Structures are given as structure tokens and as C-alpha cells.
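Okay, so here's the structure we're looking at.
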Amino acid sequence: MISTFMIIGKDDVPLYEASFFNSKKQKEGSSHLSQFVIHAALDIIEEKVLSNENFFLGVVDNFNNFTVSAFVTTGMVKFVLLTENKNVDSTKAFFNDVYELYLKVILNPFYKQNSPIVSPYFDKKVREKFSK
Amino acid sequence: MATLPPLCLFDNSIHGWKSWALSHLSPVVVVSCSDDAESVCQRNNLSFVDLLRSVQITDFYVATSQPEKQRLIESFYVKWLTPDQISPTNKEDTNKILHNIVKKGYTNSKTDQQNPLINSFQVENFRNSTTNPTPWFVDYRREYLHYLPISPHESLEHPIASVSIISSEIDVEKSMNKLSTLFDLSHPPNFMIENKMEFDILQIYIIINDVQLGDTKKANIIYEKMIEKHGKNKCFLIPINSAKEEENKNILPKKLWTEHFISSKRRDNEEIIYGKRLNEKDYYEITRFANNFVKQILFPFLEKKITMISEVIINSKKGLKRKFKSLIKRKSTVNSRKKSIKKESEIEIIENDRIVKKNKTICRLSIFNSYFENAISNYKTATAHFKKIGAKRSYIDTLVIQIILNFLIEEKISENLITLILNEFSKMDLNERKISFYWILADLYKLIQNPLQTSKYFFELSQEIDDELISSLSMEQSSYYQLFNNPIRFRHYLFDQFTAGMRYYNCKLYAHSMRCCCRSLIPIEGKNWKIIEDQINFTNGRNSFFLTEYEQSIKCFKQVLSSPLQPAIKQTQTIKEFLYSVTTFTKQKKIIINDLNIPIVNKKSIDVYLIDDYRKSSSSSKKYLYKIGKIKKKKKKKKRERERERKRKRKREGKGKGEGEGEGEGEGKWEENKKGNMEEKKIEPNKNTILNWTYAKKKKKKPNIYSKKEFLFGEEITVKFFLKNPLKIKLKLTNVHLVGYFGKKRNKEITKEIKSKFIRIQHNNNKNGNNENENNEGDNKTNENKNNDKNKKIKKSKLEFFGLNLGNLQNEEKQSNLISEKKTISFLPEEKKLIELKITPLQNGNFHIYGVGITLYDYIINILNFQKKKKKLNFKLNKEDNEPLKDYRFDLHIVNKMPLLQVKFIKFINKDFYLGSICKIPLTLKNVGQTSLSDLYCTIEPSENLLINKKIENSSKPLVDKNNDQKKKKKSKLKLMKDMFSNYNSSCYKLPIKKIGRNEQIEIMINFRMFKLGIHDLYLLFYYKKSSGKISKKLPYRLLRIHKQIKIIPSIKINTKLLPSSKNINEFNIICNIHNLTKKKILKLQQLTSISNRWKAVPLSLTKNDLQNECTILQPKSSTTFLIKMILQKNNLPVNNKNDNERENNNGKKNDNGNTNDNRNKNNNGNDNDNDNEIGNENTNENENDENYQNDKIISNLCLNPKSKLINCNDNSIYNIFLNREKNNKETEFNLVFLWENKRIIKYIKNKTNQITGNNNNNNQKNKNKNKKNKYFYSQYNIFNLEPFNKELKKNKGTKDDFVFITKKSYKCE
């Protein structure tokens, strides 16, 4: 399985996806399993949102060695990260950084709500933040 | 707890929490039946075990240690198992049995399509429904638990008693032996040895007697013998089969037996009548036996054994302690201690094992004996003991049983115990125990209506277990319980269903896999989770292939390929499997598969055009215009620059600083941007930086797609578009061709319908034998086409057309009057290519190009449709007339056949041509059109014409407009043509060719001379018509333009010296040195002539004869010199100076002083002897009109200006020699022309008289000239000769004059 970050908008529409490969083998492998896990975690995220006031929901699900962490904006856009890294602080910082980038995308008058984010700048920055 | 939750409805085996617990905690009795006894029972289609299972043991009282108190045992349950069921001999066989249970449970995926749960999945419906979605799971679970090896259930599944059964049909003598061998503890069965079971178990012996067929007396004898041998308590006689066979009815209820079936074989034949020979009396006998056995034999045996074992344990503990002590005393030395410790540990282990075994037995027995109430306390002590001695497996087992007991008595699940066990599991590798524990937990949570935990433990179970089948089953169960959670976990349901589907696939249960995968698609439909969708479709494609549903398989794979997001390896795999399913479906024949987006056509890039488009204005002339435009721009820029420079100078002087700064910066910007410095620059607010302007590039004009175009019959139409390989692997396309159709509309619906039907029919044929379906299809077809017989015929024909054989398709294309060019294209991964394809319509009328046909991997024919643009409002028109514009790119109108001329240069010599020499270029004219051509005209468009004649710009308008019908009638053809070509300002000549037939070829030759050095563009324009038949009004004629470039290099060099004659003031002597620059060519100098009629040229001295004879020969690279006398004609001398001035005023534009000044300046620059002047330079001035020349006045008394007396001419045939008047400072000139090679090459007209006023007036004149724009006129006629190349043509058709082209060249320079 590959470390994956996804932004999921309303009605479970994926807006953005970034897979982070450590090796060539990972690149060749398919990312469908990580998508499945993230998609399944949405159930738990929706349950947790009701009982949690914070944007950052922490670890919401586990799958084998991987953990699924989530961050939900006020507009119910879900940031979901599937990683092996279990450091909550670094995950939280990553989510906050991406949230700032996401706000910039939303402020763009040419961006249509709940549509896929195709900005290469956004993609580049997200990857930079993850590598940190 | 009283009412069963809906969850349990899915599992018929669990009737309630108590029955579930009993099923786990009830004692096991081994039933060993002899063959004859089994055959007696089988007369009822039942085994003896089946008979015993149906018996319910009534509640009863048991005596305790205190005789006053009796204990009530309620709903006691005994597990009757055969030795095979306790320990299956062969794992593979059991796996097969289990596999078959699941396989038979769900066989046909097609029936699932009718299931509302799949097609329109609604959670509420699902939750309220009472139907079990997985009925096979119950059977599987039961069988699985029974076939599970004994070790995981070691503490409970250990048999407590054995029952040996014989029948009265056996011989009396053999009966005793048989009875003892059935379950002989001296030779214990394998399952007991393998599982290290205790052999000290209760043994019971039974003889059954068939009342109707058996011998009762014999039975009694054997029974008595049995009593003699084993004692009365342990022997039973059970009479059965009291009912007569003739009745052949179910006397007892069927459910009595079927509910307790374990063996899967029984389920197959449900029509069989069970217990047909059993009546109520028989059943009573069986129940009596079971109850007596439990009450009178089993419970006392248990009590006895418990007390005995507990004593043994106590003794063994004491004994162990003693042994330790003695060992330590004996060996007190240091060296021997190590050995003693080893021995101690070995003994300890052995002893521990014994204790563990005994403890286990006592625990097990105490459960059955005390029947739960006291069992918990027993188990608690046992667990504590196991923990103490480190028997972890037993410790876990007892904990598990404690959980069950707690649940049974307190109706609670102790989660502390669960976590305790799970912790133990994490420390140890006890996979089998883990699995059974998860089973138990899932069942427990199911009973207390906790779907979340149930699904969790089913999920865990599926993850832990190695067996794919159980894993898939439990995963599926997990998915269903996700739907019972509140809130519903629909996405988890998807995940679990999919993983279950994948595991079913691994077990080769394709129908199950297909069902699960189809269900998992529902939650993500239309939500853009493409990778998940692809994965599901991929699995479905495989599943449907194995289920021989090839059509479905192709569809699924097609969907995967339509959104290629997978990595390259996966894509290759998908394509391989896709092709395999296609080939198996079509049986190695080709198939049309539409909507397969491989490759992708770029919608925006599609362009439909003709390579030689007759509508367009000359493409070459456009290019030329562009060139001219460049020149003009440059000039303008120069002007601007000049102005800016002037302004800068002013700024420096202190004038207009503000304006100047701004402009200066602007200029700088332009230069920067011109260099292409378009990169972003960061703005630094602290510094006074200037923002750079970026200029958008000019976009090319897009072709107008909103007007309907006309094309000709038989003419190649080119379609240009971009194709992209979306896959990450290489792709090869064969037979890439354009597809089109004639007529108004293509009946898409019919074709689609037929195609799908055809596939279905084909599919049924493949299955061999489903003739009914085929007939049904046929019936449907006839029903649909009842009203329209014609459609029916069309459909039939189309059916053939959409057949799998491409041969039909090709024939169809040929019949439909189309010729489509076919190409083979290969793509690299994700490569984008510009493709040009040609199609030739061979029919008049509306023609529609609708896409590109391709063949993928030799078997799949795919048509990529071209998509039209949406309708667009035409804002140029008024609102009332405003009709939306349609995209007419692909809707073409094909008009009548026309000839099509093709011109090729046979030998276009790219070598350089010498100036003035004849250039010969042979051409072939070929008519490649459908009809013959006539009226062939040709003209040459000299590029220079475009400079001045703005009419040329109008040439982009259709030429047809000029050719009105009325004009046509009045004017002759030649005149008409001349008028037409007047746009090009060139002469048009009819070629001496009457007709060129279809595919006929004629060769001609073009001869021409050029009189200007450098690279020249040669534009040939051919005009022709259709020779016979109807001529389209819209396309009465056709044009063909050809462009070539010619390089002209110098051929001759002439140096002249001018000397005043000593004899006469009006005479001058010219010394000419002519040099032949060519390497091979011999030049003949034909004539020396003066153009100015006021001057006369007279040859002198040596060259006189030669010139007179017109035969001065110049060898290559040689030179010759001769003298010429120039005499001014007195008669033509000007009379009055005033008239000069008048003329100048009248023709002010044509006069120029600047030129003379320039010449003079040149002369003043120290060139005393030589002064070069080239004709063709902008310094030379011309006038078109001869009249001006004739009115010119010549001034007498000329004298040679010492500063301008010599002129050196080079490379040109026209020489201007300027002379100054002595008195009035007026200038005159004479022109010389050298002609060679017997051709009159130039008609040269030149007029120039410049007035130079006195010194006093010079300044005034200069000021005047400044205000005036300097204008020079220059005109020249180029003559082109066009000769027929063929000798025959030369003789018969026309004369040389017919082939001469005269083009007029004129400049207007500023």
C-alpha cells in the first residue's frame, strides 16, 4: 500500500489525490487499495465529526500497519491521509499547511466549488509539505 | 433477548442465545454404526446419527452430593458425531465438500440481476427484509465447525462416550465380535491417538431391529448376549421401521430430520422421503433411549469420574513436590546441579502435562455434570491453575469457555476477558484458536445485536484465516453487518464486499465474486472514484469471462480501458485479458466495439480541408504578402526609430524631456520582449522597478467552420487531427481510416439496436444449445418490425454488415462509393500525434464524415466519432435574422465530377541560372480527375506585382463573382481570362493543348529569362475547365497554383569609361569592357543600341564590324573591349528653359533632384575616375509614360561635368550616363542597352531630366524637396517564353508567340 493524501468534497467526490512513493516498486503498484481504505474511513470520519469540535480528528482508522488520519473543514471537505507514520503532531502540522493552500485555491475566482483541484502549484506544494 | 433480532434471521442455525451456547458446551458422543445397522436406518433415508439428533432431551433432575437437593437440568443437548465428523481423514475432501456447499448455494449470476438488492439497492429494504442474502453461509458454518480438527476445541469436543450399534440382520455369532471392533479402546481410532485423547470413556452398545423385515427373536438373542458381556446398563435394544413400506408417506414431520442434517449430500435430494418407515412408536423408542442414556448413564459416569480425577490431581501434586525435594537433596554438588536442574525441568514438564490434561478433563466434565452453574467456579480455579503452571493454550481455552458461560448465565459479554484473550493471542502464535475465538465472538455479538462488533470480528476472522473460502464468507458477513450499524457504514460495506469478491475469485467461485463486486459498485457510482471502479470492473471482467458471459466481460474491460489510470503493468494485463475474452467470444474473428476511447481524438484539433484548395487565395501569394508585410513593418519601424532618434536628440538638447523618457523606455521594452524574454520577474516593492509588459502572441486565424463547404467528386479530402495514446504502454493501430456516409442522416438507433442483438444472438450460439433464447430473440425481432417490412429488410442487411467478418465491412465501404486511405500508426506510451487522413467521395450529394475507423490488435474494430461543436449565436447579423451557426466541418456537399490537374516539374534544376540566359524548365501536366479537361490557360504571377497593385488583395474573393453570365457572353474567352487575371496584373495565355483526358499526361517546357539578380519566386497559375458534360454553376472552372524559387546569378560584367570627344562638344566616346562571367556558356553580343532618341550610338574602330555583323562572341570567362561614339541629335535639343520649368511643375511628382544630388555626392567623394552605378538600384528612376519622354527637352551646349564624367556599369544591360550642361548647370543623360542572344529582352523606357538651378536657388530648392516626398517610378517588362516541349505540339499547335508571357513589373518606392 502507498501513503496517500486525498481531499474529498461533498457527496464523496474526490477533489485531489497525491500518492507518495518511496521506491520504484511502489510506483508500479496500484493505488486502489489505499483508495479503498480512505473511502471506507469516510464512514468513521462522518461519525467522528459530530462528536468533535476540532478540525483535526486524529487517527480515525487503521489498516494493517497504516493509519488513516483526518481533518475536516467547516465546509465539510475532508482531508484524509493514509500513512505509516504515527506521529500525530507532524500529521496535524501537515493538515494545517494543506488547509492554508486549500484556502488559496478556494479564493481563486476561477475555481468551481466541489470540482477537482488540478493546479500544479497546489500539487507541488502539497508534496513539499509531505516530504517535510 | 426474547425475540430474535433480524440479524439472526440470516443464520438459521442460531435459534437463540441459549441454543447457541449449548451447541458450544454440550458433550460429544461418538456414534459408530455397523454397515448392517446403517443399512437398516437407510431404509428411511436417514443415518442413525440423524435419528439421534432429532431427539430432544427432556428436562430432568439429577442427584447432587447432598441427597436432599436435586438439580434440574434444562434443555440438555448432546452432540452425536460419527468418527469421521470428529476428525475428517482427508483435508482435501473436506475442502471440496465445503466448497461445494458454497458453490451450490449460488450458481447463476444472471438470477442475481433480478434481485432487487443488487439492481436498486436500498438499505432500509435490506434491513427490513427477512430473506437471507447468504443462505449457504449457515450450512457452511455448521459443516465447517463440524469438520474443524478437534484441537481448537480440545477442552469441549473431546468425546465423553461412545455408542456402538449393530442390527439384528447380522449373524448371532459374529455380532459380539462386530460390536467390540466398532469402537475398541484397545485399538483406539486414529482421531483419538492424533489428538492425544483420553481413552477412558463411557461405552454403550445398541442393537436395532427392523420390525417389519428383521428377526425379533434373533435380535433378542443378540441383546441377551450383549447384556451378558457388557452389563444391562450399557446395552439397549431399539426396535425401528415399524411402518409398512407400501404406505410410502411421511408419517413423522419432515422437519424433524432435515433441521439437523449435517452432511451436505443430503441437501441435494430434498425430494427424498425421510423416515417413511418410522412411526411414532419407533420415535418414542429412540427418545427413550437418548433420555435414559443421559439421565441414567451419562450423569452418574460424570460424577464418578470427576471425583476420581480430582483425587488423582491432588496426589500428583503431592508426588511432584516430593520428587523435587528428593532430587535437590541427592545432588547438592555444584557440577551435578546443572544436570539435576535439567532433569527437574523435564520431569516438571511431563508432570505439568499430566496435570493440565487432568484439569481439562475435570473442567469439561464439571460443565456437563453441574450444567453451568458450578462450572464457572470450576473454570475460574482451572484458569488460575493454568496460568500458574504456564499452560497458555489451556489457559486461553478455559477463558473462552468462561466467556461463553458468563454469557449463558449472566447474559453479558465480559469485555475484560476478551481483551485478556486478545492480549494472549498477540503474544503467541495460536492462529487456529484465534480463528475459533473470532467465530465465537462474532456469534456472541450477533446475539446481543451489536452489528458493529459483529462485523469487526467477522472482518478480523477473514484477515486472520488462511483459507480463502472462509475468509471471503466471513468478509461478506462483515459487509452485511456494516449496514445494520447506526449510522450505516455504507463505504465499509463497499470495501468488505469487494474484498469478499476478490477472495471468492481466488477460490474460483466466480458467481459469488461477481455478485459481491456488482454490489460493491453501488455506493461509488458516479462519484469519480475511478481507480476503485476500474479495479471492480477488472475483477468483474475476469469473473464474467469464467462464467462464459463474454459480452459482459468485454463491457467491463472496456470500461477499465476507457479511463486508463492504472500503471503500465496493469494496463498490459487488462489489454491481454480483454483481447483474450474478445477472441474467445468471436472465435478469432474481428468485432466492432464502439465507444472504446483508445486512442483519444482531440476534438478541437480536427480540420477538414483540401490540400490544393481552390477556394483559398493563392497560398503562395499570401506568403508573399506576408513577406511584404514584413518589409513594410520594417520600414515603418525604421521610420519610427528615426523619429524617436530625433526626439532623443531634442531631449538631449533639453526639449520635451517628459515625453521622451516614456517613449525611450517603451522602445527598450519592445526589444526585450522581441528577444522572447517573457519570464516572470518578481516585483520588489522597495526598488523602483518597472513592470514589464508582455505581449500576447498573435493567434493564427482559425478556419471558418460555420459555413458549408463544397467538395468535388473524386477529390481527396484531407482530415487533420491529433490522436493521443492514453495508455502507458505502446499502442499499434492498423487500418486507420476515415469513415463517412452519404445521405441526410445516419440511422444510429437502428444500428445500435441491431448490433446489441447480434451480439446476444452470437453469444447464445456460442453456448450451443440455447436455441430457445435464440427463438425468443427472433420473436422479439418480428414483434418489433411488424409494422415496417422495409425496416426489417434493412435490419437484416445491417445484421450482416455488423457481422464479425470485416470482409463484409470492407465491401460495404466500397459499395458506398468511398475511397478511404488506410494507415498503420504506432504510438509510444502517452504519445500525441498529428494524423492526416484522406477520403475520396465518389458520389454527389451530402457527405458526412463521422469518425475514424481503427483496428486494434488485429481483432477489434473501433470507430472514434468526431464530435461537432455546439451551435453558436451569430452576433454579426441582426437580431431578427440571427440564426445559430452550425458546425459544418464534417457535413460536406459533393458536387459534379471535375478534372483535376496535377503539375510536376520533371527536372527542376536547382542550379543557379545566369542572368539574361534562358532558363528551361520542363513540366508534366497530368489530369488525375474524373473527367477530361480543356481550356487550359497559364499565367505567371511575378511576386513583385504584389508590391504596388493592391488589387491583388481582392484575389481572395471568389473569382466567380467577376464572371457573371452576361459578361461571359459578351467577351471572348481570352478577354475574359485577361480580365480575370488582371487581378494579378499579368498576362494570361492559352496553352496549345485542346484537351487532356482522364489520367492523360502531357509535357511542356517553360523558358524564361530573369533580369534581376537574387532569389526569385516563380508563381505559376493554371486555369482549366471541364471539357464535357454538365458544369456546376458553383464551380465552373478550377485553378492550380504552383510555386518555385529560382536563383539568378550574374552572367556578364560591363565596365565603361566615358571621354569627351575632342572634335565636337556634343560627342562623347565610350570605352566598354565586357566580361563573360559564365563558366561554360558562350555569349553572343548582338546589338548595342541607344534608347534615348536624342542620342545616337555609333560603334568605333575595332568593334565596328563585329557589332554591325551582330556576332561578337564572348567565350566563357573571357572579355572584349570596344569603343562607342555617342552623338547628341541636334533636332531634339530643348529650346527654352522656361518650358523645362513648366514641365517640372506639371510632372512634379516624377522629377527628382535628390537622385542627382546623390550622384553628385558620390562623384564628390573622391571617385574621380570611376563611379559604379547599378540598374535596378533604387537610385535609378523610371517613368512609365512614353509621352513624358517625348516631351522632354534637350539642352544644347552640353559639357561633361568633370566630377561625373565616368560611369562604370556592372552586371546589367541598361546603363545610364549622366552629363552636365556647362552653362545652365542642367543635367542630361543617355541610356545604352546591350542586347545578346538574339532576343529582345527588354523594352526599356526611361525619362529623367533634372533641373539644377543656380547656386543661389539651391537652398530654396532643397527646402522644397524636403517637403515633397521623394518618389521614384520604375517599370520593366519581363518576358517569359513558354514553348511546347513535344515536337509534335510544336508543329501542330500554335506558334511561339502564343507562349510568350509578358509581365509588367513596377515599383513605387518612397
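Values in this document were obtained by computation on a predicted structure and should not be read as measured data. Only this structure's heavy atoms are used, side chains among them; waters, hydrogens and symmetry mates stay out. Convention: sequence-line order gives letters A, B, ...; per-chain numbering from 1.
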Could you walk me through whether A/L42 and B/R489 pass the side chain to side chain contact (heavy atoms under 4.5 Å, CB included) check?
CA-CA 9 Å; A/L42 292 177; B/R489 290 186 165 183; over 6 Å; no
Qualifying residues under side chain to side chain contact (heavy atoms under 4.5 Å, CB included), relative to A/V118, sequence neighbours excluded
none
List the residues meeting side chain to side chain contact (heavy atoms under 4.5 Å, CB included) with A/K48, not counting sequence neighbours, and say none if there are none.
A/I44, A/L57, A/V60
Using heavy atoms and a sub-4.5 Å threshold, report which of residues 6-15 of chain A line up against chain B, by residue number.
A/M6, A/I8, A/D11, A/D12, A/V13, A/P14
Which bit of [X] comes within less than 4.5 Å of chain A, counting heavy atoms only: side chain, backbone, both or neither?
X: B/Q482; result: neither
X: B/L452; result: neither
X: B/F459; result: side chain

Flag if over 12 foreign heavy atoms under 6.0 Å of [atom1], [X]:
X: B/K728; atom1: NZ; result: yes
X: A/Y111; atom1: OH; result: yes
X: B/K558; atom1: NZ; result: yes
X: A/N65; atom1: CG; result: no
X: B/K555; atom1: NZ; result: no

Under 4.0 Å between a side-chain nitrogen and a carboxylate oxygen: does that hold for B/R491 and A/E46?
yes
Go through the steps for A/D61 and B/H492 under the test side chain to side chain contact (heavy atoms under 4.5 Å, CB included), then give the verdict.
CA-CA 11 Å; A/D61 202 359; B/H492 272 83; 3.9 Å; yes
Residue pairs involving residues 93-117 of chain A (criterion salt bridge (Lys or Arg N to Asp or Glu O under 4.0 Å); sequence neighbours excluded):
none
Heavy-atom pair with the smallest gap, counting every atom of B/I488 and A/D43:
O-OD1, 3.9 Å
Aromatic ring pairing A/F36/B/F495, orientation class (parallel under 30°, perpendicular over 60°, tilted between)
parallel
With rounding to the nearest 0.5 Å, note down the distance linking CD1 in B/I531 to OG in A/S19.
6.5 Å
Between NZ of B/K530 and CD of A/E17, what distance do you get to the nearest 0.5 Å?
12.5 Å
